[in-house]
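To start, the structure under review is shown below, and the notes come after it.
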Amino acid sequence: MTEQLRFDNKVVIITGAGAGLGRQHALMFGARGAKVVVNDLGGDIAGGGKSSAAADAVVEEIKALGGDAIANYDSVEDGAKIVQTALDAFGTVDILVNNAGILRDASFAKMTDADWDLIVRVHLNGTKAVTHAAWPILREKAYGRIVMTTSAAGIYGNFGQANYSAAKLGIYGLANTLAEEGRAKNILVNTIAPIAASRLTETAFPEEFLANLKPEAVSPLVGWLAHESCTETKGLFEVGAGYISKLRWERTRGYSFGTDRAFTPDDIARQWNKISDFADAEHPVTVNDTFTAVMQAVNTKTLGGNEFIDLDVAMREELVLESAYDERDLAIYALGVGAARDPMDDDERKFVYELGDFHALPTWGVMPQSNAMLALAKDGGLKLPGMSYGFDRVLHGEQYTEVRGPLPKSAKLKHIFKFKQAYDKDPHAVVVFGVSTVDEHGEEIVYNEMTSFVRGAGGWGGERGPSADINVPPAREPDAIVEEATDANQTLLYRLSGDWNPLHADPAFAKAFGYDKPILHGLCTFGHVGRHVVKAMLGNDPRKFKSIKVRFAEPVFPGETLVTKMWKEADNRVIVETSVKERGKVVIKNAVVEFYDEIPVRKPKAASEDANATAAVQPDKVIPQDVFAVIADHVAGHPELAAKVDTAFQFKLNNPESHWVLDLKTGADAVREGIADKADCTIELDADLLHTVVTAPLADVQKLFFGGQMKVGGDVMASNKLSELSVIDPDQYDKAKARRLAGNVT
Ligand code: NAI
């Protein structure tokens with residue numbers, strides 16, 4: 001058996017110990033060696049009368065158990081007398097349990113001053129009086145344990161108990177301060193909110209329920225809290241029927257308006273959800289926790305906002321979306337922005353034909369992030385940081401797209417949306433978000449800035465922003481003009497790239513917005529303009545294209561003719577303006593396109609994404625020796641391959657040139673460098689594509705063949721059987737490379 005928690009030589013005062021909970025506490029302490037002062041006035045439940053019988057009976061009970069106890073019959077309001085009894089009988093006080101109590105229940109409307117005063121006097125003043133008398137003794141000896149008795153009625157409120165709940169919560173307040181004041185003197189103060197059958201509760205609960213609420217189920221907690229080995233202080237506990245739990249304060253993260261701008265009840269109404277949202281709540285313990293929160297608010301410089309825009313949240317948070325694209329997306333996009341309308345035109349085929357010298361149009365750079373956002377908006381789930389307006393208020397005002405180099409033919413992307421700026425064009429707003437798009441290697445490949453005009457979202461007293469026009473065309477003839485009709489079904493083609501807004505497809509919908517027919521997507525016009533610049537200024541080679549910035553001025557109707565005028569400026573800049581020929585309206589203005597001096601070379605880690613760039617920039621490839629070493633191992637471990645494939649392959653590799661035999665016919669010396677006596681199938685390709693041939697899916701290998709990068713002679717169909725080798729984990733090739741680099745394999 002573990003050792004009992006004992007109170008030998010400890011002097012404990014228990015008030016109201018003649019009955020109910022106090023009696024059980026007294027018996028518990030007495031049985032465990034304490035010297036007990038059993039205080040009880042011996043009155044009735046409402047505070048009337050007086051008798052020594054109750055206290056005397058409990059003293060006798062304790063003595064019968066072999067304990068030491070003395071009775072006191074004073075009211076707790078005379079606390080000093082009770083403490084004096086302890087001093088006279090036992091010479092000191094170590095533990096005080098403030099427990100005495102009465103009830104004077106009445107609804108607040110009917111409550112008399114006498115009801116109020118008596119309850120406050122017995123509970124709050126009485127607790128204070130006894131504690132105040134004991135306090136100097138406890139301080140002097142630098143030891144004390146105090147247990148206060150509050151009530152659920154005080155903590156939560158209860159009909160008909162205004163006096164009682166006020167006094168009971170007053171006791172908890174007293175306990176909290178005494179815990180602070182007593183801490184340095186080893187005086188620990190805790191509070192219990194009990195529930196037990198007693199004369200106070202006999203009319204409040206049904207008999208069966210009361211039978212389970214034994215007062216002796218509360219006393220063990222009092223014993224533990226009063227023991228010298230317990231270090232708990234300032235605690236609040238609910239206890240009854242064998243159940244014990246601890247309570248604490250909880251505070252929402254709140255909302256700070258800051259100190260540098262006035263705010264109104266209306267502002268509070270708007271932020272009410274945040275003010276009262278307990279998600280991620282804090283649990284303050286001391287007044288310092290309050291000061292800290294308030295001081296943080298003092299130090300917070302708020303940016304402000306209104307019901308549509310919360311600039312502080314916008315600055316603090318970011319949105320990350322993901323998407324992926326491939327050659328099919330690039331080709332559909334290129335068709336959507338009018339590329340390759342003439343299939344015999346060699347110059348633009350590169351934007352739509354993946355087997356040729358394929359290139360992404362640089363303006364594609366705006367699409368993946370925009371599509372990721374629209375996909376979310378379609379499901380109603382888009383929430384740009386700090387922005388609470390609906391999409392129906394938004395007009396795409398300006399777009400800036402900067403590509404870090406030629407875009408890969410396919411990629412898996414992450415788009416990080418960060419708020420950049422908001423201008424208050426009261427009553428409207430202009431909001432700018434920057435979007436950094438990174439590829440699967442974490443390398444930024446595009447940066448976008450999307451400027452939205454948000455109807456009716458202004459008026460928070462912010463800056464109006466710049467108003468002067470930039471990128472204004474010079475007063476001279478343009479250096480180049482591209483005139484090109486859009487197709488009547490241009491929007492239908494373009495929307496396949498991801499912007500499904502019915503405004504661009506449904507005549508009835510367009511009419512509701514005041515247009516005679518569906519209008520072209522702004523970004524469709526944007527794509528046309530970028531392509532016109534690539535055509536006229538870069539000879540249709542998009543690789544030096546750096547950035548494009550446009551302002552959307554007017555909608556374009558499908559079938560109209562776009563006229564893009566370009567003025568070359570210094571520093572690789574071209575000022576651009578596009579108008580509609582039929583209506584003479586400027587549709588894209590204040591636009592500028594920038595070029596790179598040289599084609600940017602992507603960093604090696606991303607190079608494998610772009611087969612064209614591979615040879616140039618991948619310095620440390622898996623070389624044929626590694627590949628064939630791994631294949632040799634694999635073939636040796638899989639003798640069944642010979643029967644299955646039954647083909648002898650001759651590889652001719654270029655750049656640098658080498659010859660390799662893979663004989664899966666005789667199986668003898670299956671893999672070796674050199675020329676085969678007789679091969680069924682010859683395969684010729686660049687050395688650095690060998691890795692692809694033996695790791696990529698068959699479709700990709702066929703692409704090399706149809707794209708002319710792999711030549712196959714002899715039994716052409718037999719080359720498909722190479723896919724039997726694609727079961728080798730590609731990691732093996734890299735590991736072989738690593739071993740070679742580490743010097744284990746030459
Ligand atoms: P109880 O009525 O059985 O015991 C209270 C004792 O305090 C009585 O013996 C009474 O004579 C004595 N007392 C009353 N006024 C006094 C005074 N001025 N000076 C000295 N002694 C005095 O009641 P119970 O239920 O044991 O209550 C104990 C404490 O627990 C009280 O403070 C009560 O408010 C509190 N409480 C009890 C709950 C319960 O479910 N029983 C619920 C919440 C709180």
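As the structure lists them, so they are numbered: ligands from 1, and atoms in each ligand from 1.
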Sequence neighbours left out, what passes side-chain hydrogen bond (donor to acceptor under 3.5 Å, both in side chains) with S323? Give chain and number order.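 Result, side-chain hydrogen bond (donor to acceptor under 3.5 Å, both in side chains) vs S323: H415.
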Can you list everything that forms a side-chain hydrogen bond (donor to acceptor under 3.5 Å, both in side chains) with T231? Sequence neighbours excluded, please.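 Applying side-chain hydrogen bond (donor to acceptor under 3.5 Å, both in side chains) to T231 gives none.
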I want to check a possible cation-pi pair here: K35 against F29, using under 6.0 Å from ring centre and within 45° of the ring axis as the test.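 Because its charged atom misses either the 6.0 Å distance or the 45° angle limit, K35 does not stack over F29.
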Parallel, tilted or perpendicular: which fits the ring planes of H428 and F453, with parallel below 30° and perpendicular above 60°?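 If you compare the ring of H428 with that of F453, the planes turn out tilted.
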Going by the rule ring-ring contact (aromatic ring centres under 6.0 Å, His included), which residues pair with H132 if we only count those two or more places apart in sequence or in a different chain?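 If we apply the ring-ring contact (aromatic ring centres under 6.0 Å, His included) test to H132, skipping adjacent residues, there are no hits.
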So, E202 and R199, do they make that salt bridge, N to O below 4.0 Å?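 No.
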Near ligand 1, which residues have a heavy atom under 4.0 Å away from one of its atoms?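 Residues near ligand 1: G16, A19, G20, L21, N39, D40, L41, G42, G43, D74, S75, V76, N99, A100, G101, I102, V122, H123, T149, T150, S151, Y164, K168, P194, I195, A196, S198, R199, L200, T201.
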